Amino acid sequence: MTESLENKTTFRDLGLSEKLLEAIEKKGYQYPSEIQAGVIPLLLNGDRDIVGQAQTGTGKTAAFGLPLLDRLNIDKSGVQAMILAPTRELAIQVANEIKSFADARVRVTLLYGGQNIRDELMELKRGPHIVVGTPGRVKDHLITKRTLNLSTIDYFILDEADEMLNIGFREEIEEILTHTPENKKTLLFSATMPREILNLVKQYMHEYDTVAIQSKTTISDRITQIYYEVAPRNKFEALSRVIDMTEDFYGIVFCKTKMDVVEVASKL
């Protein structure tokens with residue numbers, strides 16, 4: 001049975017401040033996603049760590065970003081929250097979304113490889129409340145350059161943790177964690193929960209609450225799905241044949257990395 005709008009949870013039901021509610025409503029949002037409805041009250045009112053399992057695109061950034069903004073102490077010196085993301089694209093997305101809800105006084109600093117290091121150093125000198133970054137760049141500032149201090153943080157957030165481990169960032173994550181206080185609150189978000197993620201939870205998190213959202217992806221019955229298993233070296237040739245064989249071909253080609261996108265676009 002479909003839940004009526006009268007009985008549906010709204011952002012106002014979750015305990016967020018009036019100032020944040022105004023920012024949310026300005027963006028046209030009224031009803032939280034399942035992961036937001038589950039995580040926001042826990043982060044606002046609870047003292048336990050949080051493990052969130054939900055697919056990409058379900059609103060995880062707002063799930064931790066909104067209550068985080070409500071619990072920040074603007075007048076406190078030192079970094080209060082560290083958010084790690086697997087790629088610079090996701091780090092930029094997370095930082096921009098948090099800024100879109102934040103008070104003008106909240107300072108959010110973005111750290112990722114490929115960005116001008118001088119700009120990052122200037123931002124760090126200003127004294128950010130929240131730092132968002134990729135593990136490699138954060139480790140560089142924290143351990144090599146010693147331009148980042150995480151001893152004051154209250155919140156440590158791992159976003160897309162399974163992707164970070166797939167890329168091979170476990171060592172960097174563990175090194176960063178050794179420079180954070182024991183009494184911080186840790187939040188881990190992941191689309192899947194393989195054994196390596198569970199080991200990370202067991203090793204580095206205290207008592208925690210779990211919010212797990214089952215995937216509800218449905219495929220239109222008007223869409224036919226076909227896949228071909230080919231060796232990596234033959235992917236472009238296979239793509240070219242599909243295009244040649246399809247009359248009036250229109251499509252979107254997704255690639256794993258920016259360099260792959262440039263290469264495929266150039267060859268096409």
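Scope of the values below: all heavy atoms of this structure, side chains included, with no hydrogens, waters or symmetry mates. These figures come from a predicted structure and were not determined experimentally.
- Of the possible donor and acceptor atoms, one in the side chain of T178 sits under 3.5 Å from a partner among the backbone N and O of E175.
- Of the possible polar contacts, one joining the T257 side chain to the D260 backbone as a donor-acceptor pair under 3.5 Å is found.
- Remark: K8 qualifies as a cation-pi partner of Y31 under the 6.0 Å distance and 45° angle criteria applied to the six-membered ring.
- At most 12 heavy atoms of other shown residues, nucleotides or ligands fall within 6.0 angstrom of atom OH in Y208.
- Looking at Q36, its side chain never comes within 3.5 Å of a backbone N or O of T61 through a donor-acceptor pair.
- Listed by first and then second residue, the ring-ring contact (aromatic ring centres under 6.0 Å, His included) pairs that reach into residues 43-76 are F64-F189, sequence neighbours excluded.
- When all heavy atoms are compared, the tightest approach of I173 to L84 is CG1-CD1, 4.3 Å.
- When atom types are taken as modelled, the side chain of R137 and the backbone of Q115 share a donor-acceptor pair closer than 3.5 angstrom.
- Within 6.0 Å of atom NZ in K258, 12 or fewer heavy atoms from other residues, nucleotides or ligands are found, so the atom counts as exposed in its surroundings.
- Between the side chain of D140 and the main chain of G136, no donor-acceptor pair closer than 3.5 Å is present.
- Within the 3.5 Å criterion, the main-chain N or O of T9 finds no donor-acceptor partner in the side chain of D13.
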Pairs under 3.5 angstrom only: tabulate donor-acceptor contacts from the side chains of residues 122-134 to other protein residues two or more places apart or in another chain.
residue	atom	partner	partner atom	Å
E123	OE1	R126	NH1	3.4
H129	ND1	R107	N	3.1
H129	NE2	I74	O	3.0

Donor-acceptor contacts, no H, no angles, side chain residues 90-106, under 3.5 Å, sequence neighbours left out:
residue	atom	partner	partner atom	Å
N96	ND2	I92	O	3.4
S100	OG	K27	NZ	2.7
S100	OG	E97	O	2.6
D103	OD1	R105	N	2.7
D103	OD1	R105	NE	3.2
D103	OD2	K19	NZ	2.6

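- Other residues, nucleotides and ligands contribute over 12 non-hydrogen atoms within 6.0 Å of the CZ atom of F249.
- Using modelled atom types, one finds a donor on one side chain and an acceptor on the other under 3.5 Å when comparing E160 with T56.
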